[in-house]
Amino acid sequence: MTLPAIDGWRAYMESHDTKVLWALLDEDAVFESPVVHTPQRGREITFKYLVGALSVLGGEGFRYTREWANETGVVLEFETQIEGITINGVDLIECTPDGERIVHFKVMIRPLKAINLLHRLMGEQLAKA
């Protein structure tokens with residue numbers, strides 16, 4: 001089974017086309033970051049975080065390594081390396097019941113030094129926006 005929003009997410013990850021991402025996000029989308037204590041609610045803030053995350057994490061070495069799916073979402077495990085630190089994490093993506101839009105996006109990262117690095121880099125990225 002494929003979900004159109006997940007296919008769209010993969011297309012965004014390849015193209016970096018922010019119009020694709022904007023169209024994928026539900027108006028009430030929620031983003032949960034590994035470094036921010038409260039969920040970020042709404043399409044605009046979710047969009048801002050996801051664009052920033054792709055800028056920070058989505059370099060040449062980024063790749064999804066495993067996937068688990070059900071009727072309304074996926075868990076995508078990823079790996080990348082930044083500043084000599086190997087980062088391992090998962091994107092938990094929940095879609096609308098029709099599978100057309102993303103309603104919830106949670107990122108979990110390990111190890112701790114990767115979280116600390118991402119905290120710094122995302123802070124720098126979001127300050128630019």
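All of these numbers come straight from a predicted model, not from anything done at the bench.
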*Asks:* Mind listing the closest non-hydrogen atom pair of Thr86 and Pro111 along with its distance?
*Replies:*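 For Thr86 and Pro111, the tightest heavy-atom pair comes out as O-CD, 3.6 Å.
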*Asks:* For Leu57 and Thr80, work out which heavy atoms get closest and say how close.
*Replies:*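 In terms of heavy atoms, the two residues are closest at O-OG1, 3.6 Å.
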*Asks:* For a 4.5 angstrom cut-off between non-hydrogen side-chain atoms, does Val51 reach Trp22?
*Replies:*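 Side chain of Val51 against side chain of Trp22, heavy atoms only: no contact under 4.5 Å found.
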*Asks:* Measure across Pro39 and Val30 and return the closest heavy-atom pair with its distance rounded to 0.1 Å.
*Replies:*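 Reported closest heavy-atom pair: CB-CG1, 3.7 Å.
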*Asks:* For the residue pair Tyr64 and Phe62, does the interplanar ring angle fall in the parallel (under 30°), tilted (30 to 60°) or perpendicular (over 60°) class?
*Replies:*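 Plane angle over 60°, so perpendicular.
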*Asks:* Crowded around Glu100 CD? As in, over 12 foreign heavy atoms under 6.0 Å?
*Replies:*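 Yes, because the 6.0 Å sphere around CD of Glu100 holds more than 12 heavy atoms from other groups.
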*Asks:* Could you give the distance from CD1 (Ile85) to CG (Leu117), rounded to the nearest 0.5 Å?
*Replies:*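 The CD1 atom of Ile85 sits 4.5 Å away from the CG atom of Leu117.
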*Asks:* If you take all heavy atoms of Phe31 and Leu50, which pair is closest and at what distance?
*Replies:*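 Closest approach of Phe31 to Leu50: CE1-CD2, 3.6 Å.
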*Asks:* Test side chain to side chain contact (heavy atoms under 4.5 Å, CB included) on Leu76 and Arg10; report intermediate values, then the result.
*Replies:* CA-CA 11 Å; Leu76 301 172; Arg10 291 181 189 285; 3.5 Å; yes
*Asks:* Identify the residue among Val74, Val103, Leu3 that makes a side-chain contact (heavy atoms from CB on, under 4.5 Å) with Cys95.
*Replies:*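 The option that passes is Leu3.
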*Asks:* Taking all non-hydrogen atoms of both residues, which atom of Phe78 and which atom of Val90 are closest, and how far apart?
*Replies:*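 Closest heavy-atom pair between Phe78 and Val90: CE2-N, 3.5 Å.
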*Asks:* Atom CD in Glu79, atom OG1 in Thr65: separation rounded to 0.5 Å?
*Replies:*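 Separation between the atoms: 5.0 Å.
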*Asks:* Please indicate whether Met13 has more than 12 foreign heavy atoms, meaning atoms of other residues, nucleotides or ligands, lying under 6.0 Å from its CE.
*Replies:*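 Enclosed.
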*Asks:* State, with a plain yes or no, whether a side-chain heavy atom of Glu14 is found less than 4.5 Å away from one of Val20.
*Replies:*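 No - every pair of side-chain heavy atoms lies 4.5 Å or more apart.
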*Asks:* About how many Å separate NE2 of His119 and CD1 of Ile109, when rounded to the nearest 0.5 Å?
*Replies:*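 With rounding to 0.5 Å, CD1 (Ile109) is 13.0 Å from NE2 (His119).
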*Asks:* Would you please test Glu32 and His104 for side chain to side chain contact (heavy atoms under 4.5 Å, CB included) and show each step?
*Replies:* CA-CA 8 Å; Glu32 291 188 73; His104 194 182; 2.5 Å; yes
*Asks:* Identify whether the distance between the nearest side-chain nitrogen and carboxylate oxygen of Glu124 and Arg120 falls below 4.0 Å.
*Replies:*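 A salt bridge links Glu124 with Arg120.
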*Asks:* Output the distance between atom CD1 (Ile45) and atom CZ (Arg41), rounded to the nearest 0.5 Å.
*Replies:*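 So the CD1 of Ile45 and the CZ of Arg41 are separated by 12.5 Å.
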*Asks:* How long is the gap from CG on Asp91 to NZ on Lys106, to the nearest 0.5 Å?
*Replies:*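 Taking CG in Asp91 and NZ in Lys106, the distance rounds to 12.0 Å.
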*Asks:* With a 4.5 Å heavy-atom cut-off, do Phe105 and Trp9 have their side chains touching?
*Replies:*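 A side-chain contact exists here, since the closest heavy-atom pair is under 4.5 Å.
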*Asks:* Taking the side chain as C-beta and beyond, is there a heavy-atom pair between Val36 and Tyr49 under 4.5 Å?
*Replies:*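 Of all side-chain heavy-atom pairs linking Tyr49 with Val36, at least one is under 4.5 Å.
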*Asks:* Say whether, by atom type as modelled, one donor and one acceptor occur between the side chain of Gln40 and the main chain of Thr38 under 3.5 angstrom.
*Replies:*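 Indeed, once roles are kept as given, a pair shorter than 3.5 Å links the two residues.
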*Asks:* Look at the side chain of Arg66 and the backbone N and O of Glu77, then say whether any donor-acceptor pair between them is shorter than 3.5 Å.
*Replies:*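 Absent.
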*Asks:* Output the distance between atom CD1 (Ile115) and atom CE (Met122), rounded to the nearest 0.5 Å.
*Replies:*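 Reported value, rounded in 0.5 Å steps: 13.5 Å.
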